[in-house]
Amino acid sequence: MNLQRLYEELEKHYDVKGWWPYSDPWEVMVGSVLTQQTNWNNVMTSIEALRKEGLLPVKAMAAADREKLEKLVRPCGFYRQKAQRLQDLAIYIRDDFGADPVSLLRRDDARELLLSRPGIGPETADSIMVFAAGRPYFVAAAYCRRVLSRTGVINSDDYGEVQEFVHQQLGRDSVRLSSLYAMIVEHAKRYCLARPNCRDCFLAEPCSLIARER
DNA sequence: TTCCCGCAGG
DNA sequence: CCTGCTGGAA
């Protein structure tokens, strides 16, 4: 099926308004780093622990004791790397952007600046661009490439290629692009798992995966 | 390709 | 017990 059809079908079944549980740009950035290869439940645990300890604000995180940061971030796994990456990012924003994440996010080269930071790759950068900055970037995560490939929308494992395709097909609309990502994540978790549950999936008829089995 | 790493679910 | 998770870097 094509992307338009997929979007319409997903929209009938998922309501992803307010899908990202935090609205503060910096908290979205922190969550984007913590959620790398990690279940979101663990991210919430760490973010609330950071908040409780007063280490969530940019300046506080930048000045925090590394071991304390590691302890609070531990539930998310890769805790030494993530603590370091978060603190590096906080120091960067404190020193170069007056501790204001928004002054980074509104720059034309915001995505490149994010990508230049250790621990922020394409997926994390785009997650920040769309959910923290509200700018039109599609997060072409592994989940998305899997669903888009199985359904026959586009068969590619190349992050940039898939992103470009979606940008072109859907248009540079931040709400639509973030919604598509959110709906695909929900769908991938419920039906389109590593081992797909096509029996219960409402997309089974138009999906190419089923078609290929027949 | 391998390592980083805890945690919920099966 | 084992698997997979809203990745990134060496």
Side-chain angles (χ1 to χ4, degrees), chain A residues 6 10 14-23 25-50 66-90 92 111-151 156-163 166 174-197 199-200:
Chain A
L6 175 65
L10 290 172
Y14 301 112
D15 178 13
V16 291
K17 284 197 301 290
W19 182 71
W20 197 285
Y22 299 101
S23 56
W26 174 243
E27 294 184 12
V28 174
M29 294 173 77
V30 172
S32 295
V33 170
L34 289 180
T35 197
Q36 291 169 2
Q37 198 65 27
T38 303
N39 188 293
W40 182 260
N41 292 319
N42 301 328
V43 177
M44 300 282 280
T45 301
S46 286
I47 288 185
E48 294 315 313
L50 287 165
R66 177 67 59 78
E67 287 186 15
K68 184 161 188 183
L69 217 48
E70 290 181 354
K71 180 187 169 198
L72 297 173
V73 161
R74 186 162 298 149
C76 298
F78 311 112
Y79 63 93
R80 278 178 286 188
Q81 294 181 18
K82 287 180 179 176
Q84 164 125 295
R85 292 166 175 182
L86 281 180
Q87 192 161 46
D88 284 353
L89 188 60
Y92 174 61
R111 188 174 188 272
E112 286 66 42
L113 293 175
L114 290 169
L115 286 173
S116 75
R117 295 290 98 198
I120 298 186
E123 181 168 338
T124 305
D126 288 326
S127 173
I128 292 171
M129 290 302 284
V130 70
F131 290 105
R135 295 174 59 170
Y137 289 83
F138 180 65
V139 183
Y143 269 163
C144 299
R145 299 197 296 275
R146 182 165 80 199
V147 170
L148 293 174
S149 168
R150 283 177 177 170
T151 51
S156 169
D157 275 321
D158 184 84
Y159 186 97
E161 187 181 346
V162 172
Q163 182 185 52
V166 172
S174 63
V175 174
R176 284 171 67 79
L177 292 173
S178 61
S179 296
L180 178 63
Y181 171 68
M183 292 190 294
I184 287 179
V185 169
E186 291 305 313
H187 193 68
K189 284 160 69 173
R190 295 179 205 183
Y191 303 102
C192 215
L193 313 168
R195 183 201 301 228
N197 180 8
R199 314 305 157 201
D200 304 323

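All chains are named by letter (A, B, ...) in the order of the sequence lines, taking the proteins before the strands, and each is independently numbered beginning at 1.
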Whole angstroms only, please: what is the [atom1]-[atom2] distance between [X] and [N]?
X	N	atom1	atom2	answer
A:Lys82	C:dG7	NZ	C1'	8 Å
A:Leu34	C:dG7	CG	P	12 Å
A:Phe78	C:dT6	CZ	P	12 Å
A:Ile47	C:dT6	CD1	P	14 Å
A:Gln36	C:dT6	CD	P	13 Å
A:Met29	C:dT6	CE	C1'	17 Å
A:Leu86	C:dG7	CG	C1'	14 Å
A:Gln81	C:dG7	CD	P	14 Å

- Item | Strand-adjacent residues in residues 114-128 of chain A, judged by heavy atoms under 4.0 Å from DNA chain C | A:Arg117, A:Pro118, A:Gly119, A:Ile120, A:Gly121, A:Pro122, A:Glu123, A:Thr124
For atom [atom1], what is the distance between [N] and [M], given to the nearest Å?
N	M	atom1	value
C:dT6	B:dG10	P	14 Å
B:dC4	C:dC1	C1'	23 Å
B:dC5	C:dA10	P	14 Å

- Parallel, tilted or perpendicular: which fits the ring planes of A:His187 and A:Tyr14, with parallel below 30° and perpendicular above 60°? perpendicular
- Message: Is the ring pair A:Tyr22/A:Trp40 parallel, tilted or perpendicular, if the boundaries are 30 and 60 degrees?
- Response: tilted
- How close do A:Arg150 and A:Ala194 get, heavy atom to heavy atom, and via which atoms? NH2-O, 2.9 Å
- Query: What nucleic acid atoms does A:Tyr79 come within less than 4.0 Å of, heavy atoms only: base, sugar-phosphate, or nothing?
  - Reply: sugar-phosphate
- So, A:Lys82 versus A:Ser46: side-chain donor-acceptor pair below 3.5 Å or not? no
- Item | Short side-chain donor-acceptor distance under 3.5 Å, A:Tyr181 and A:Asp126 | no
- Task: Determine yes or no for a side-chain-to-main-chain donor-acceptor pair under 3.5 angstrom, with A:Arg111 supplying the side chain and A:Ala125 the backbone.
- Result: no
- Return yes if some donor-acceptor pair links the side-chain N/O of A:Thr38 with the main-chain N/O of A:Cys76 below 3.5 Å, else return no. yes
- Task: Applying side chain to side chain contact (heavy atoms under 4.5 Å, CB included), run through A:Val185 and A:Val139 and close with a yes or a no.
- Result: CA-CA 10 Å; A:Val185 169; A:Val139 183; over 6 Å; no
- Message: Tell me whether the count of non-hydrogen atoms from other residues, nucleotides or ligands lying under 6.0 Å of CD in A:Glu112 goes above 12.
- Response: yes
- Query: Do A:Leu89 and A:Trp26 come within less than 4.5 Å of each other through their side chains, counting heavy atoms only?
  - Reply: yes
- Message: Does C:dG7 have OP1 or OP2 under 4.0 Å away from a side-chain N or O of A:Gln37?
- Response: yes
- Does A:Arg80 put a side-chain nitrogen or oxygen below 4.0 Å from OP1 or OP2 of B:dC5? yes
Between the protein and nucleotides 7-10 of chain B, list the N/O to N/O atom pairs that are separated by less than 3.5 angstrom.
none

- Comparing nearest nucleotides in DNA chain C, the 5'-proximal residue of the pair A:Arg85, A:Glu186 is A:Glu186
